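Each remark here refers to the structure printed beneath this line.
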Amino acid sequence: MQKLKTSRRIKEVIASPIRKFLPLVKKVEQQGVKVIKLNIGDPDILPPKDFIQVLQQIKLTDFYYAPSSGVNKYLLAWIKYFDNFKIKITAENIVPTMGASEAIIFVLQAVCDIDDEVLVFEPFYTNYKALSQTCGVKLAPITLKMEDGYKLPNIKKIEQKISKKTKAIIIINPDNPTGKVWRKDEVATIIKIALKYNLFIIADETYREIIFQGKPICFLRNQRIKNNLIVIDSVSKRFSVPGIRMGVVISYNKEIIKAILKLAMARLAVSTVGQLATAKIITQSKKYIKIIIQEYKVRVEVLNKGLNKIDGIETCRAQGAFYQVVKLPVENSEDFIKFLITKFRYKNKTLLLAPMSDFYITPGLGKNEVRVALVTNIKELKEGMEILKRALAEFKG
Ligand SMILES: Cc1ncc(COP(=O)(O)O)c(C=O)c1O
């Protein structure tokens with residue numbers, strides 16, 4: 001008889017480095033240890049007040065299946081949101097998704113056949129790895145280096161990675177995990193390459209407005225790439241509501257929208273309540289986003305002041321989003337994180353960070369790096385830096 005076993009495909013899929021230590025953490029928390037969690041991009045900042053008001057007005061009749069193409073209010077909210085940036089989109093350009101995560105799966109499936117390739121700049125948001133593995137898509141990495149401020153490499157280095165199987169190039173702006181905000185000239189280079197090789201540009205703009213200087217770059221503004229462009233967006237981070245699980249795919253390319261809509265129909269719809277509840281906050285983004293940017297700016301300052309006091313640390317200050325990569329004076333950051341959880345205590349507290357290896361494709365890269373997510377208040381962040389300093393000294397000793 002045939003043995004019961006899981007698929008070969010799933011064996012290749014990595015467990016999220018952001019979440020994999022949580023069972024271990026739960027255990028020590030049950031023993032009364034306080035763990036300061038700087039691993040997951042789950043903002044502690046409360047969402048806009050209006051969000052709860054709309055939720056309280058939800059009626060018993062609001063639990064019908066929404067159309068796969070979305071509830072009008074939700075679509076209109078995105079149209080209005082982009083109008084603020086002087087970008088014109090219509091309902092035909094949008095497909096609602098369950099967060100940016102589902103948007104990523106849909107886009108990869110719509111664009112790629114099995115074994116097709118997509119260019120990514122490493123380090124990149126690690127879940128692209130698992131999601132592309134489940135879609136049978138290969139990620140071809142272009143390495144960005146911390147010591148160069150994660151700047152785009154020479155155009156030739158990028159072109160070397162393009163093969164007959166390359167279908168798209170992913171750009172996350174502002175970037176998770178590096179906190180990089182892509183410069184105009186870098187974006188222009190990416191567009192030039194995409195047009196030259198006729199590649200789709202998958203622009204993940206989940207953190208669009210969370211930047212500490214200047215104005216956000218919206219790929220949708222660029223008319224020359226109308227056919228190539230697929231934008232992934234989400235309310236998770238900019239409105240601090242990751243648990244509502246709402247996002248969108250936006251494209252001017254009718255074939256892409258048709259393809260994504262087929263996938264959307266197969267899984268029926270996204271939450272009707274989620275669409276109704278987020279519609280209002282999306283249209284009122286300006287005021288709220290100003291507030292959170294101010295808060296994240298202060299946190300970046302506190303983080304870097306704290307890091308400056310620790311010997312042997314290398315880092316590149318975040319310009320946007322709410323993450324920063326830190327090179328630690330250890331051989332293996334994963335071992336250090338395990339040490340933090342299982343052994344190290346300071347005033348009965350410890351710290352959780354995300355190891356960086358799986359934010360890269362190239363083996364060996366990021367081994368001594370961690371990602372810090374600025375998702376706790378200033379007091380905890382300061383405590384976190386104190387713990388990091390003391391734990392490193394003890395770990396090395
Ligand atoms: C760059 C990027 N894209 C997508 C996602 C997924 O977000 P969502 O909560 O909307 O699924 C994240 C979450 O951290 C992210 O950082």
Side-chain angles (χ1 to χ4, degrees), residues 14 16-20 22 37-45 47 51 74 78 81 94-108 118 120-132 134-135 139 144 150 168-182 201-211 216-219 230-250 260 263-264 267 270-271 274-275 277-278 281-282 285 292 296 318-325 353-354 356 358-360 371-375:
I14 62 154
S16 168
I18 302 168
R19 291 176 177 251
K20 70 179 174 189
L22 290 180
K37 296 191 190 81
L38 302 182
N39 58 315
I40 288 186
D42 184 1
D44 61 323
I45 302 173
F51 183 62
Y74 186 65
W78 282 106
Y81 170 85
I94 311 169
V95 183
T97 54
M98 203 182 74
S101 304
E102 191 187 46
I104 295 169
I105 302 169
F106 282 3
V107 170
L108 291 174
V118 173
V120 280
F121 298 100
E122 65 178 1
F124 57 91
Y125 172 50
T126 177
N127 284 340
Y128 272 96
K129 211 170 181 177
L131 297 177
S132 60
T134 60
C135 298
L139 296 179
L144 305 184
Y150 296 112
I169 183 161
I170 295 170
I171 171 162
I172 304 169
N173 190 29
D175 187 61
N176 172 10
T178 61
K180 171 185 170 72
V181 175
W182 290 80
I201 298 173
I202 304 172
D204 182 334
E205 297 187 1
T206 295
Y207 301 90
R208 182 181 300 104
E209 290 168 90
I210 311 177
I211 59 174
I217 291 181
C218 300
F219 271 82
I230 309 169
V231 172
I232 288 171
D233 206 345
S234 162
V235 299
S236 291
K237 316 290 178 167
R238 300 205 301 284
F239 302 101
S240 315
V241 287
I244 197 77
R245 311 302 305 126
M246 294 302 307
V248 274
V249 173
I250 302 173
I260 304 262
L263 295 165
R267 63 81 167 101
V270 287
S271 157
Q275 295 187 64
T278 45
I281 55 174
I282 291 168
S285 65
I292 64 166
Y296 288 131
Q319 303 163 326
F322 43 75
Y323 307 98
Q324 191 167 311
V325 180
L353 301 161
M356 278 288 296
D358 277 324
F359 287 71
Y360 293 84
R371 185 193 72 170
V372 183
L374 297 165
V375 290

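All ligand and atom numbering here is 1-based and tracks the order in the structure. This structure is a prediction, so every number in the text was calculated from the model and none was measured.
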Treating [X] as the side-chain partner and [Y] as the backbone partner, does any N or O pair qualify as donor plus acceptor under 3.5 Å?
{"X": "R371", "Y": "Q324", "value": "no"}
{"X": "K237", "Y": "A321", "value": "no"}
{"X": "E205", "Y": "F219", "value": "yes"}
{"X": "K129", "Y": "Y360", "value": "yes"}

Ligand 1: protein N/O within less than 3.5 Å of ligand N/O:
unit_1: ligand 1; atom_1: 3 (N); unit_2: D204; atom_2: OD2; d: 2.7
unit_1: ligand 1; atom_1: 9 (O); unit_2: S236; atom_2: OG; d: 2.7
unit_1: ligand 1; atom_1: 9 (O); unit_2: R245; atom_2: NH1; d: 2.8
unit_1: ligand 1; atom_1: 10 (O); unit_2: A100; atom_2: N; d: 2.6
unit_1: ligand 1; atom_1: 10 (O); unit_2: S234; atom_2: OG; d: 2.6
unit_1: ligand 1; atom_1: 10 (O); unit_2: S236; atom_2: OG; d: 3.1
unit_1: ligand 1; atom_1: 11 (O); unit_2: A100; atom_2: N; d: 3.2
unit_1: ligand 1; atom_1: 11 (O); unit_2: S101; atom_2: N; d: 2.9
unit_1: ligand 1; atom_1: 11 (O); unit_2: S101; atom_2: OG; d: 2.5
unit_1: ligand 1; atom_1: 11 (O); unit_2: R245; atom_2: NH2; d: 2.8
unit_1: ligand 1; atom_1: 14 (O); unit_2: Y207; atom_2: OH; d: 3.4
unit_1: ligand 1; atom_1: 14 (O); unit_2: K237; atom_2: NZ; d: 2.9
unit_1: ligand 1; atom_1: 16 (O); unit_2: N176; atom_2: ND2; d: 2.7
unit_1: ligand 1; atom_1: 16 (O); unit_2: Y207; atom_2: OH; d: 2.6

Review point. Which distance, rounded to the nearest 0.5 Å, do you find between the OG1 of T278 and the CH2 of W78?
Key: 8.0 Å

Review point. Is the CZ atom of R19 crowded by more than 12 outside heavy atoms at less than 6.0 Å?
Key: no

